[in-house]
Amino acid sequence: MKINYFPFSAILGNDDIKLGLIINAIDPKIGGILITGPKGIAKSTMVRSLSNILPEMDSIRGCRFNCTLNSENLCDECREKIDNNSAEIVKKSVPVITLPISSTLDRVVGSIDINSAISGRVNFREGLLGEANNGILYIDEVNLLDDSIADAILDSAASGINTVERDGVSYIHPARFILVGTMNPEEGELRPQLLDRFGISAEGKLPSSAEELIEIANRVDEFDHNPVEFISKYDQDDEILRERIVRARNALRYVIIPDDIEKYMADVILKYHMGNRAMISAVKAARAIAAYNGNKNVTMEDARKALEFALRHRISEEEKSNMERELNNPGKNEGNKNENINEDMNNNDINNDEKMPVKKNNSTGDDTLNNIENPRIDMKLRNEIIKKSGRNAKSGNFIRTGHKNGNHLDLYSSMVSMKINNHKKMQASDIVLREGYSGGAVPVIIAIDSSTSMGFKRRIGNALELSKLLFKKAYITRSRVALISFSGTGARVLMNFSRNFTVLNQRLKSIKSSGKTPLLEGLKQVYKTSAYSGEKTVSVLFTDGRGNYPPGNMKDDIIDISKKLKNVSRLYIINGENGFLPTYNNLIAEYSNGHIISDVNNVKIN
């Protein structure tokens, strides 16, 4: 099925996002781009349209990891084909892999193929990281992604490989992709450690004029009525972008950063107390921007834009204003004069490796291992090294024959059990289950009614007391906590699931009371956050239940969302207020199978 994507060149506004996507396509080693901004600014449209302006790749036929002859890393199967001169090349569009927010870790990194395991064979089944190799991995609402999955993705994005060591499997395969994450900061933030792992970021803006808004609406309407004709109008513009990307890729390794500009970049990075990752991302981004602009040397303008990309998501809101003023104020050093290299791009000598400048490595040892400029990793050799080093993924599993407790299939232990029982195929008695999380961790959601009312301070105090209790139990329960606040006309995730109780307390204390009580929106956000966690949560709702937004009778809507909550969360309602005004709390408790309590000590986590 052919999908018609909106043309990349037809998208109006948000030039920073488009440039950030393009330079990651030129050099995926930048480390991906995090796109932030409000809803409805075409974040997803830009990501999906990017694939249309990328040139087709020369893929090795039959490769499940989209390997090409030019891939810096090759899978074992393709390495063997090349060694045997049996590799067949086919043209293939760049894959765009969308990561569902509900994905499990097994689906993301890969696992044993269960069908083959039951038959007594051990075959690796690639995950989304393998499918995205040499393509685009798109994560919408990355701030709602489970931390363990986010860590695995960002590790692969940085290294270009995916190492799987679980369920008795030890496997390595290439995973070099263009990583794109989008998020709306109003729905929750990424923890700083994950923010730092994204190479660059760009912030989306809403249209600035009525004329621009009208033109956007007209273009979308035209595309909806006749997509084929609309796409054809922008074919030439998209083709120009595609050619610029190809030329920039070829020229990238020849782009030089003058010493004075590199020193300027390092000084700015240090000024904001950033380290290696920020500098590496800024340097790579500057070279990609220069190559895209046709510059042989990185200019001061290229460097400033790269610094803005690399620092925006790593510094505080107050520091952003200072950074923007500094970068928009040209300094004394304008860098070297631009030199256009478009003519050099078409010169046959440009691909001559003998003319390529090579940086010398002063460290001792094998140069092939120390060369970080262009690492070539032989996957088969890496697997052999792992075997020789004595690393064994099986050592962490426990054989518990016939033990049925738990919710996660322990494949290795089950297969060992099958062997002990001398079964040729796996039987029900061979299956071993275990807990999916160590210590039986339970995700906890604290949802606070922060509307204007006399009981607001009491609710915050009770929530802080609950935080204190959770912290005391954290070593045993390993609880992860999310924080939701609802007031005015909506609800916001102030903290996604985390074990950082210091941040939790800081954000609880920073909540201000204001506006009406959007109780229905609060319940919807609790349901959404619970559903995204992939596990049954414990939700603690601090409210008097007197919802007054939206206006009118909300009884049917409250019943409907409460029934849904019953399936994804164990709900506690804490109401420390007395009164005779109408309240929805009894209704919520009845249909969600929840509990109305007055003391946070009665909240059961296990």
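- Of the N and O atoms on the side chains of Ser44 and Tyr138, at least one donor lies less than 3.5 Å from an acceptor on the other residue.
- Looking at heavy atoms from C-beta onward, Pro95 lies in side-chain contact with Met57 at the 4.5 angstrom threshold.
- Taken to the nearest 0.5 Å, the OG atom of Ser159 stands 8.5 Å off from the CG atom of Asn73.
- Side chains of Asn52 and Asp238: no donor on one and acceptor on the other come within 3.5 Å.
- Cation-pi check for Arg48 over Phe6 is not met; the charged atom does not lie both under 6.0 angstrom from the ring centroid and within 45 degrees of its normal.
- Residues Asp16 and Glu203 form no side-chain contact, since every pair of their non-hydrogen atoms from C-beta on lies 4.5 Å or further apart.
- Listed by chain and number, the residues in a side chain to side chain donor-acceptor pair (under 3.5 Å) with Asn66 are Lys92 (sequence neighbours excluded).
- When all heavy atoms of Ala286 and Val298 are compared, the closest pair comes out as O-CG2, 3.8 Å.
- The shortest side-chain heavy-atom distance between Arg61 and Ile89 does not fall under the 4.5 Å cut-off.
- Using the six-membered ring where Trp is involved, Phe65 and Tyr171 have ring planes that are tilted, between 30° and 60° apart.
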task = Kindly indicate, with the supporting measurements, whether the criterion side chain to side chain donor-acceptor pair (under 3.5 Å) is fulfilled by Thr182 and Asp140.
result = CA-CA 5 Å; Thr182 62; Asp140 193 17; 2.6 Å; yes
query = For Asp58 and Lys91, what are the C-alpha separation, side-chain angles and deciding distance, and is it a salt bridge (charged side-chain N to carboxylate O under 4.0 Å, His left out)?
reply = CA-CA 5 Å; Asp58 295 326; Lys91 289 288 184 182; 2.8 Å; yes
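- Looking at Phe177 and Asn134, their side chains never come closer than 4.5 Å, going by heavy atoms from C-beta outward.
- Checked for salt-bridge contact, Arg242 and Glu56 miss the test: no charged N lies under 4.0 Å from a carboxylate O.
- Asn24 places no side-chain N or O within donor-acceptor distance of the main-chain N or O of Ile178, the cut-off being under 3.5 Å.
- Of the candidates Thr163, Leu74, Val109, Asn162, Asn162 is the only one forming a side chain to side chain contact (heavy atoms under 4.5 Å, CB included) with His173.
- Counting heavy atoms from C-beta outward, Leu54 and Ile136 have side chains that approach closer than 4.5 Å.
- Within a 6.0 Å radius of CG in Asn276, other residues, nucleotides and ligands contribute 12 heavy atoms or fewer.
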ask   = Going through the checks in order, is the salt bridge (charged side-chain N to carboxylate O under 4.0 Å, His left out) test met by Arg107 and Glu131?
value = CA-CA 11 Å; Arg107 180 68 184 100; Glu131 295 175 19; 3.2 Å; yes
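- Ile60 is not listed as a side-chain neighbour of Thr68, based on a closest heavy-atom distance of 4.5 Å or more.
- Judged by distance alone, the side chain of Ser281 and the main-chain N or O of Arg277 form a donor-acceptor pair under 3.5 Å.
- Remark: of the listed residues Ile245, Val246, Leu252, Ile245 is the sole one forming a side chain to side chain contact (heavy atoms under 4.5 Å, CB included) with Arg249.
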task = Report the C-alpha distance between Lys528 and Glu141 in whole Å, list the side-chain angles of each, state the deciding distance to 0.1 Å, and finish with yes or no for salt bridge (charged side-chain N to carboxylate O under 4.0 Å, His left out).
result = CA-CA 12 Å; Lys528 180 180 178 182; Glu141 296 183 311; 3.5 Å; yes
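- Using a cutoff of 4.0 Å between basic side-chain nitrogens and carboxylate oxygens, Lys18 and Asp15 are scored as salt-bridged.
- The line from CG of Leu311 to CE of Met279 is 10.5 Å long, rounded to the nearest 0.5 Å.
- Residues Leu129 and Val108 form a side-chain contact, since some pair of their non-hydrogen atoms from C-beta on lies under 4.5 Å apart.
- Checked for salt-bridge contact, Glu77 and Arg64 meet the test: a charged N lies under 4.0 Å from a carboxylate O.
- The shortest distance between side-chain heavy atoms of Gln525 and Val493 falls below 4.5 Å.
- Rounded to the nearest 0.5 angstrom, Ile11 CD1 and Ser49 OG are separated by 4.0 Å.
- Residues that satisfy the salt bridge (Lys or Arg N to Asp or Glu O under 4.0 Å) test with Lys43, not counting sequence neighbours, are absent from this structure.
- Although no hydrogens or angles enter the test, the distance criterion places no donor-acceptor pair under 3.5 Å between the side chain of Asn84 and the main chain of Ser86.
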